[in-house]
Engineer: 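Please find one structure pasted underneath; my questions will follow.
Chain letters run A, B, ... following the sequence lines, proteins first, then strands; residues in each count from 1.
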Amino acid sequence: MAEKRYEPQEIENKWQERWKEAELFKAKEDKSRPKFYGLEFFPYPSGNGLSVGHCRNYIPTDVICRYKRMRGFDVLHPMGWDAFGLPAENEAIKRKSHPSETVPKYVANYKRQMNLVGLSYDWSREINSSSPDYYRWTQWIFLLLYKRGLAYRSGAPINWCPSCGTVLANEEVEGGRCWRCETLVEKRNIPQWFFRITEYADRLINDLDDIDWPESIKTMQRNWIGRSEGVEFDMKISGYDESMRVFTTRVDTVFGVSFAVLAPEHPLVEKITTPDRRAEVEDYVKKAKVTSEIDRLSTERERTGVFTGAYAVNPMNGQSVPIYIADYVLATYGTGAIMAVPAHDTRDFDFAKRHDLPIKVVIAPPGWDGSELTEAYTEEGTMVNSGQFDGLPNKEGAKKIAEYMGSNGTGDVKVNYKLRDWLISRQRYWGAPIPIVYCEKCGEVPVPESMLPVELPYVEHYEPSGTGESPLATIPEFVNTTCPVCGGPAKRETDTMGGFACSSWYFLRYASPSCTDGPFDKDAADYWLPVDLYVGGAEHAVMHLLYARFWTKVLHDEGLINFVEPFHALRNQGMVLAPDPKNPSVWIKMSKSKGNVITPDEITEKYGADSLRVYELFVAPMTESIQWSEDGINGMYRFLSRVWRIVQDYGEFYDPEWRNTVRQESNSTPGNKAIARKVHQSIRKVTEDIESLQFNTAAAALMELLNELSKYTQNAKLDSKSAVFSESIEMLLTLLSPMAPHMADELWNQLGHEGFMLDLPWPEYDPEVAKAEEVTLVVQVNGKVRDKIPVPADTDTKKIEQLALESERVKPFLDGKKIRNVVVVPGRLVNIVVG
RNA sequence: GCCGAAGUGGCGGAAUGGUAGACGCGCCGGUCUCAAAAACCGGUAAGGGCGACCUUGUGUGGGUUCGAGUCCCACCUUCGGCACCA
C-alpha cells in the first residue's frame with residue numbers, strides 16, 4: 001500500500017465541504033429522542049477575527065455536541081452575532097467606517113474561521129442581533145416589560161462615561177471605571193430608562209440553588225444582589241418636627257449608638273444644619289460631590305465627616321446623639337442614613353476615634369473585663385448596657401428589639417439589596433431604538449406592537465455627541481412622528497437599548513430563528529430550552545448572566561415559556577495566555593491590543609484544525625487557563641500522525657464484519673485479550689470523561705490506547721484480516737471523532753466506509769471484556785510499599801494475606817517484629833501493621 | 001478588608017482515602033542517514049548505592065487513619081471577584 005503522509009490541510013477542507021453539503025449539523029426535532037442544547041456566548045464580531053483563545057470557548061462545546069449526537073440526542077448547536085452595541089460601534093468608529101458595513105464583513109470572517117476549525121454549527125439558525133427581524137423582538141420584549149410595569153423612565157443620578165459618551169448600567173462600572181474603556185465615570189442627572197430587576201432580586205438569589213453553575217459565579221451573583229435583612233427605624237430630630245429613618249442589620253447594638261450619620265446628599269442635611277455649622281457642612285457636601293468617585297478608589301480612605309449641629313434621639317433609650325454627615329454613608333443604599341455604633345462596627349469605630357466620640361460597649365466579648373476596646377468587636381456576644389435586654393445572646397436580643405420596635409411603631413423589619421435597577425438607555429447610535437414616543441397630549445406612549453420594528457435609520461455621522469443626547473436626536477425624520485394614540489404630533493425616544501438587552505433573550509431565538517409572529521415559538525422554546533450546557537467567560541458573571549436570568553423569569557411570568565432558568569449548566573472556559581511581548585517571561589491573556597495574538601488560520605495552516613482542537617482539549621482541564629505552546633501543538637500533530645500511519649500501514653487487515661468473530665478471536669491469545677481489554681476500558685474511560693467534561697484525560701486515554709495498539713501491531717505480525725485489530729482501530733477512530741472529526745471521517749472512509757462518523761452510534765463497552773484478570777497486589781508494611789505481586793483478580797482475602805506474608809521482599813521488614821494487624825483491600829493492596 | 005478558586009517533577013498536568021507523577025512537552029541516549037531533519041526505540045522526581053534496592057518527596061505546621069496529594073484545624077503564597085452596602 002502506497003504510504004500517504006498525513007496532510008491535514010488536504011483532508012480538512014474536503015470534509016468541511018462535505019459536511020456542509022450534507023447539512024450534517026442541522027438540528028433535527030425528532031422529539032422522540034432526548035434533546036441536547038449546547039451553546040457558547042455569542043460573540044460580537046470584531047475586525048481582529050478569532051484567535052486561538054476564542055477557540056478555547058468553542059471546541060469543548062463542539063466535542064460534547066458531536067458526542068451527544070452520536071449518543072442519539074437531538075442536538076441544537078447554533079451560533080450568532082452579538083452585533084448591536086458599543087463594541088461593534090466603537091470598532092467601526094476606530095476604522096472610520098459604518099457598523100452596517102463592518103458588521104457583515106467581520107461576521108463573514110468569523111464564520112469562515114469557525115468552519116476552518118471544524119465547529120459543528122447549524123448555520124441555518126444563525127442570528128444577528130442588529131437585524132430588524134431580530135431587534136423587532138427585542139423591542140417587543142421591552143414593551144412587554146413596560147406593560148408589566150418593569151420598564152420605567154426616571155431621573156435618578158446615573159453613571160456617565162465621558163469617553164464612551166453614554167450612560168452605563170451599574171454592572172458596567174468596575175471600581176468606579178467604565179468596564180470597556182477604564183475611564184472614570186461621572187455622576188449625572190439625565191432621565192433614563194430602567195428595568196425593574198430589583199423586583200426579581202429574591203428569585204434571582206433563590207433559583208441559583210437549582211442550577212449547575214460554578215460556585216464562584218453563583219457567589220458573585222449573590223453578592224451583587226447583596227440581600228441583607230435588618231431593621232429600619234425612626235430617630236426623632238431634636239427641635240424639629242422631623243425624624244431620620246435609618247437602616248441597620250445590627251439592631252442588637254442599638255443601645256450603643258453614640259452618633260448618627262447622614263449621607264452628604266441626604267435631603268435632610270439642608271433642613272437640619274444649624275447656622276453656625278452651615279458653612280462647613282456645605283463645603284463638605286460640595287467636596288463630596290466632586291471627589292467621591294475618585295476617592296472611592298483609594299484603599300486607605302480617611303473617615304472624614306462634619307457635625308451638622310443637630311441631634312437625633314435614640315428611640316430605645318431616649319438619648320440624644322450628634323448627627324454628622326460623612327461620605328462613608330451612601331445615599332443610594334438603605335435610607336442614606338445610619339445609626340453609628342463605634343464599639344461594634346469598624347467604620348463607626350474609626351470615625352469615632354477620629355472625631356473623639358464615645359465608644360460604648362453593648363455586646364460583651366467572651367471574658368470581657370469591662371476595659372476599653374482597641375478595635376470594633378463585631379462578633380457575637382452577650383448584651384450589656386442595653387436596659388431590659390441585658391444578658392441575652394445578641395442574636396436573640398436582635399429579635400426581641402425588632403419585635404419591640406414593631407409593637408410600638410418606631411421601626412420595622414426590612415430587607416435591603418445592593419442591586420440597583422438595570423439602566424438600559426444608551427446615548428449611542430448602534431442599538432435597538434427604545435420603542436416609546438412622547439406626545440404633547442398623551443405623554444409617554446409605547447409604540448404599538450403592529451408598528452414594530454422601530455427601525456434604526458441609516459446615518460452617515462453616528463458618533464456619540466458627548467452631550468448626553470443620542471445621535472438619533474439630530475435626525476428630524478426619525479424624531480418627529482405622530483402619536484399612536486391621538487394621531488397628534490409626537491417625538492420619538494432617541495436613546496437606544498444597551499447591547500445587554502439583545503443578549504438577554506438570544507438563546508430563545510435559536511429555537512425558532514425565523515419565527516414571525518413572536519420572538520420565538522413557544523413549543524420550540526419549550527422543547528429545546530433550557531440550554532443544557534452554556535460555555536463562556538466569567539467576565540459576564542453579573543452582567544449578561546444576571547440579565548438573561550431576569551428576562552427569562554419575566555417571560556415565564558407572562559406565560560410565554562415553561563421554565564424559569566435559561567441555562568441549566570454553565571462552565572467558564574479558561575483563557576489562553578501568551579507571553580507579553582514587552583516582557584516575555586510574563587504570561588498574559590492573548591489579545592490584539594497586547595500584540596500577542598495567534599490566529600487559528602496560521603495554526604491550521606501549519607498543523608491542521610484537528611491538532612489545534614486536540615491540543616486545546618488535552619493541555620489542561622477546560623476551566624483552567626493555559627499557556628500557549630506551539631511545541632504542544634506539534635505533539636498533538638505527532639499523535640494524530642501516528643493514528644494516520646497505523647491505518648496506512650495496517651488498514652488492509654481491517655474487516656468491517658469484525659463483530660461476528662471478534663470475541664472468539666480476542667480470547668485466542670493473551671495479546672489479543674490484552675488489546676481488547678484496553679479497547680473496552682478506553683471506551684468506558686473516554687465516555688465517562690466526555691460526560692463530565694474532562695476532555696484532557698479523555699484525550700490522554702486515547703493516546704494510551706494508541707500506544708498499546710502500536711505495540712500490538714508490531715508484535716502480532718498481522719498477515720490477514722483481523723477482527724481484534726479491526727475492533728481496535730474502529731473504536732479508536734470512533735472515540736477520537738468528536739475531537740478530531742476531519743481525520744476520523746477521512747480514515748473511516750479510507751477503511752472502506754461511506755458517510756460520516758457523526759451518524760454512527762457511540763460505542764458501549766463490554767464490562768466482561770474490560771475486566772482485568774490480573775491485578776497488581778501492592779504489599780505495604782506500615783503503609784510503605786515493599787512489594788508488588790501480580791495475582792488473579794478474584795483471589796480471596798485469605799490467599800492475598802498469605803501471599804503478602806510469604807513475600808521475600810516483605811520478610812526482612814517483619815523480622816523480629818510483632819504483626820499487629822493486616823489490612824486487606826481486595827484487588828488493591830495489603831497493609832501489614834507491625835510494631 | 002470580605003468572598004471564591006488553587007498550590008504536585010525542568011514545564012502543562014494525572015491520581016473513587018489505597019502503587020504519587022498517567023498522558024503530553026522538553027531533555028538525554030540509541031537506530032536510520034555522508035550529514036541533518038523527520039520517524040522509530042529506550043531513559044528521565046530528588047539524594048544515596050556497581051547493583052538488587054534504600055531514604056526523602058504533593059506550599060508550611062499540627063491532627064484523624066492500618067494508610068493522607070486527597071479528610072479536619074491553623075497558617076503562608078498565587079490568581080479571580082467585590083470595594084465603605086451600615
Engineer: If we call it a pair only when both distances are under 3.5 Å in a Watson-Crick or G-U wobble match, what pairs with rA15(B)?
Structural biologist: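 Across any shown strand, rA15(B) pairs with none.
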Engineer: Counting heavy atoms from C-beta on, name the nucleotide in rC23(B), rC40(B), rG67(B) closest to the side chain of N831(A).
Structural biologist: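 Of the options given, the side chain of N831(A) lies nearest rG67(B).
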Engineer: Watson-Crick or G-U wobble partner for rC27(B), using a 3.5 Å limit on both distances?
Structural biologist: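 Result: rG43(B).
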Engineer: On a whole-Å scale, what distance lies between the C1' atoms belonging to rA35(B) and rA20(B)?
Structural biologist: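 Those two atoms are separated by 43 Å.
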Engineer: Just checking T776(A): base, sugar-phosphate only, or nothing, at a heavy-atom cut-off of under 4.0 Å?
Structural biologist: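 Answer is base: heavy atoms of T776(A) come under 4.0 Å of a base.
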Engineer: Can the ring centres of Y637(A) and Y615(A) be said to be less than 6.0 Å apart?
Structural biologist: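 Ring-ring flag for Y637(A)/Y615(A): false, centres at least 6.0 Å apart.
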Engineer: Output, in order, the C-alpha distance, side-chain angles, deciding distance and verdict of side chain to side chain donor-acceptor pair (under 3.5 Å) for N416(A) and S228(A).
Structural biologist: CA-CA 5 Å; N416(A) 263 308; S228(A) 65; 6.0 Å; no
Engineer: Is rG9(B) in the syn range, within 90° of 0, or in the anti range?
Structural biologist: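 Glycosidic conformation of rG9(B): syn.
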Engineer: Please state how far atom CD in E808(A) lies from atom C1' in rC53(B), giving the value in whole angstrom units.
Structural biologist: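 It is 15 Å, rounded to the nearest whole Å.
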Engineer: Select one nucleotide: of rG13(B), rC3(B), rA39(B), the one nearest the side-chain heavy atoms of T219(A).
Structural biologist: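 My answer, after comparing the listed nucleotides, is rC3(B).
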Engineer: With no angle test and no hydrogens, is the base of rC25(B) tied to the side chain of D631(A) by a donor-acceptor pair under 3.5 Å?
Structural biologist: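 No such pair is found, so the answer is no.
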Engineer: Could you please name the option among rC40(B), rA86(B), rU19(B) that lies closest to any side-chain atom of R645(A)?
Structural biologist: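 Ranking rC40(B), rA86(B), rU19(B) by closest atom to the R645(A) side chain puts rC40(B) first.
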Engineer: What's G334(A) touching, base or sugar-phosphate or nothing? Going by heavy atoms closer than 4.0 Å.
Structural biologist: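 If one applies the 4.0 Å heavy-atom cut-off, G334(A) turns out to touch nothing in the nucleic acid.
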Engineer: Given the side-chain rings of F259(A) and F351(A), with only the six-membered ring counted for Trp, is the space between their centroids under 6.0 Å?
Structural biologist: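 They qualify: ring centres under 6.0 Å apart.
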Engineer: Rounding to an integer number of Å, can you tell me how far M739(A) CE sits from rG24(B) P?
Structural biologist: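 Atom CE in M739(A) sits about 14 Å away from atom P in rG24(B).
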Engineer: Please find the pair of heavy atoms, one from R56(A) and one from E624(A), that lie closest to each other, and give the distance.
Structural biologist: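 Nearest heavy atoms, R56(A) then E624(A): NH1-O, 2.6 Å.
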Engineer: Using whole Å, report how far OH of Y417(A) lies from C1' of rC82(B).
Structural biologist: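 In whole Å, rC82(B) C1' and Y417(A) OH are 20 Å from each other.
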Engineer: Y417(A) and W224(A): aromatic ring centres closer than 6.0 Å?
Structural biologist: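 No, they do not, as the ring centres are separated by 6.0 Å or more.
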Engineer: In whole Å, measure the gap between the C1' atoms of rC71(B) and rC23(B) for me.
Structural biologist: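 Looking at atom C1' only, rC71(B) and rC23(B) are 28 Å apart.
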Engineer: Quick check on RNA chain B: between R227(A) and R828(A), whose nearest nucleotide comes earlier from the 5' end?
Structural biologist: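 Nearest-nucleotide comparison on RNA chain B picks R828(A).
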Engineer: Would you kindly say whether T410(A) and D234(A) are connected by a side-chain donor-acceptor distance under 3.5 Å?
Structural biologist: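 No, no side-chain donor-acceptor contact under 3.5 Å.
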Engineer: Using Watson-Crick or G-U wobble geometry with both distances under 3.5 Å, which nucleotide pairs with rA74(B)?
Structural biologist: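 rA74(B) is paired with rU60(B).
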Engineer: To the side chain of R638(A), which of rA83(B), rU19(B), rG26(B) is closest?
Structural biologist: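 Looking only at side-chain atoms, R638(A) lies closest to rG26(B).
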Engineer: With no hydrogens and no angle check, do the side chains of Y377(A) and D345(A) hold a donor and an acceptor under 3.5 Å apart?
Structural biologist: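 Judged by distance alone, the side chains do not pair up.
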Engineer: When you get a sec, tell me which of rG18(B), rA86(B), rU19(B) is the closest nucleotide to the side chain of V825(A)?
Structural biologist: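 Looking only at side-chain atoms, V825(A) lies closest to rG18(B).
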Engineer: Are R642(A) and N707(A) linked by a side-chain donor-acceptor pair shorter than 3.5 Å?
Structural biologist: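 Yes.
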Engineer: Please give, in whole Å, the distance from rC82(B) C1' to W224(A) CH2?
Structural biologist: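 After rounding, the reported distance stands at 8 Å.
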Engineer: Which part of the nucleic acid, if any, lies within contact of P214(A), taking any heavy atom under 4.0 Å across all strands shown: a base, the sugar-phosphate backbone alone, or nothing?
Structural biologist: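 Nothing: the residue P214(A), judged by heavy atoms under 4.0 Å, touches no strand.
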Engineer: Once you apply a heavy-atom cut-off of 4.0 Å, does Q780(A) come out as touching a base, just sugar-phosphate, or nothing?
Structural biologist: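 The residue Q780(A) makes base contact.
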Engineer: Does atom CD (E7(A)) have a neighbourhood of more than 12 heavy atoms from anything else shown, all under 6.0 Å?
Structural biologist: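 Counting other residues, nucleotides and ligands, CD of E7(A) exceeds 12 neighbours.
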Engineer: If I pick the C1' atom on rA38(B) and the same atom on rU33(B), what distance separates them, to the nearest angstrom?
Structural biologist: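 Pairwise C1' distance, rU33(B) against rA38(B), rounds to 11 Å.
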Engineer: rU65(B) pairs with which nucleotide, Watson-Crick or G-U wobble, both distances below 3.5 Å?
Structural biologist: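 Its partner: none found.
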Engineer: Return the nucleotide paired to rC50(B): Watson-Crick means purine N1 to pyrimidine N3 with N6-O4 or O6-N4, wobble means G-U with N1-O2 and O6-N3, both under 3.5 Å.
Structural biologist: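 By the stated definition (distances under 3.5 Å), nothing pairs with rC50(B).
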Engineer: Rounded to whole angstrom, note down the C1' distance from rG24(B) over to rG13(B).
Structural biologist: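 Roughly 9 Å separates the two C1' atoms.
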Engineer: Do R786(A) and rU19(B) share a donor-acceptor pair, side chain to base, under 3.5 Å?
Structural biologist: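 For R786(A), whose side chain was compared with the base of rU19(B), there is no donor-acceptor pair (under 3.5 Å).
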Engineer: Would you classify M636(A) as touching base, sugar-phosphate or nothing, given that sugar-phosphate means primed atoms plus P, OP1 and OP2, and contacts are heavy atoms under 4.0 Å?
Structural biologist: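 The residue M636(A) makes sugar-phosphate contact but no base contact.
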Engineer: Quantified in whole Å, what is the P atom distance between nucleotide rG51(B) and nucleotide rU44(B)?
Structural biologist: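 It comes out at 13 Å once rounded to the nearest Å.
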Engineer: Heavy atoms under 4.0 Å, any strand shown: does E215(A) hit a base, just sugar-phosphate, or nothing?
Structural biologist: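 Answer is nothing: E215(A) stays at 4.0 Å or more from every strand.
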Engineer: Taking only the side-chain heavy atoms of E174(A) (C-beta and beyond), determine which of rC82(B), rA86(B), rC25(B) contains the nearest atom.
Structural biologist: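 My answer, after comparing the listed nucleotides, is rC82(B).
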Engineer: CD of Q648(A) versus P of rC40(B): gap in Å, rounded?
Structural biologist: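 From Q648(A) CD to rC40(B) P: 14 Å.
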Engineer: Counting only side-chain heavy atoms from C-beta out, which of rC66(B), rG12(B), rA83(B) sits nearest to V833(A)?
Structural biologist: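 Of rC66(B), rG12(B), rA83(B), rC66(B) is nearest to the side chain of V833(A).
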Engineer: Say you pick atom C1' in rG9(B) and the same atom in rG59(B); how far apart are they, in whole Å?
Structural biologist: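 Straight-line distance between the two C1' atoms is 15 Å.
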Engineer: State the pairing partner of rA35(B); accept Watson-Crick or G-U wobble contacts with both distances under 3.5 Å, and report none otherwise.
Structural biologist: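 rA35(B) is paired with nothing.
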Engineer: Would you indicate whether the side-chain heavy atoms of E174(A) and E182(A) approach each other to under 4.5 Å?
Structural biologist: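 A side-chain contact is absent here, since even the closest heavy-atom pair is not under 4.5 Å.
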Engineer: For N696(A) and rG24(B), is the shortest distance between a side-chain N/O and OP1 or OP2 below 4.0 Å?
Structural biologist: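 No, N696(A) has no side-chain N/O under 4.0 Å of OP1/OP2 on rG24(B).
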Engineer: Please pick, from rC23(B), rA14(B), rA52(B), the nucleotide with the shortest atom-to-atom distance to any side-chain atom of R809(A).
Structural biologist: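 Nearest to the side-chain atoms of R809(A), counting from C-beta on, is rA52(B).
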Engineer: Looking at rA86(B), I'd like to know if its phosphate oxygens (OP1 or OP2) sit under 4.0 Å from a side-chain N or O belonging to Y328(A).
Structural biologist: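 Indeed not, no polar side-chain atom of Y328(A) lies that close.
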Engineer: To the nearest Å, how far apart are Y637(A) OH and rC25(B) P?
Structural biologist: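 It is 14 Å, rounded to the nearest whole Å.
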Engineer: Look through every strand shown and name the nucleotide pairing with rG80(B) as Watson-Crick or G-U wobble, where both distances are under 3.5 Å.
Structural biologist: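 The base-pairing partner of rG80(B), which may sit in any strand shown, is rC3(B).
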Engineer: Regarding N634(A), tell me which of base, sugar-phosphate or nothing describes its non-hydrogen contacts under 4.0 Å with the strands shown.
Structural biologist: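 Result for N634(A) = nothing.
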Engineer: Considering only the C1' atoms, how many Å lie between rA15(B) and rG69(B), rounded to the nearest integer?
Structural biologist: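 Taking atom C1' in both rA15(B) and rG69(B), they lie 9 Å apart.
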Engineer: Could you give the CD-to-C1' distance, from E539(A) to rG80(B), as a whole number of Å?
Structural biologist: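 E539(A) atom CD is separated from rG80(B) atom C1' by 12 Å.
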Engineer: rA14(B) P sits how many Å from L702(A) CG, rounded?
Structural biologist: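 Those two atoms, CG and P, are 16 Å apart.
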Engineer: Could you check which of rG4(B), rA86(B), rG24(B) has an atom nearest any side-chain atom of T249(A)?
Structural biologist: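 For T249(A), the side-chain atoms sit closest to rA86(B).
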Engineer: Just call it for F813(A): base, sugar-phosphate, or nothing, with non-hydrogen atoms closer than 4.0 Å on any strand.
Structural biologist: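 Here F813(A) touches the backbone only, sparing every base.
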Engineer: Can you see if the side chain of K784(A) gets near the phosphate of rU56(B) - specifically, an N or O under 4.0 Å from OP1 or OP2?
Structural biologist: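 Result: yes.
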Engineer: On a whole-Å scale, what distance lies between the C1' atoms belonging to rG26(B) and rC76(B)?
Structural biologist: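 To the nearest whole Å, 31 Å.
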Engineer: Map T697(A) and S629(A) onto RNA chain B by nearest heavy atom, then report which one ends up closer to the 5' terminus.
Structural biologist: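 Its nearest nucleotide being more 5', the pick is T697(A).
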Engineer: I want to verify a distance call: between rG12(B), rA22(B), rG24(B), whose nearest atom is closest to the A700(A) side chain?
Structural biologist: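 Nearest to the side-chain atoms of A700(A), counting from C-beta on, is rA22(B).
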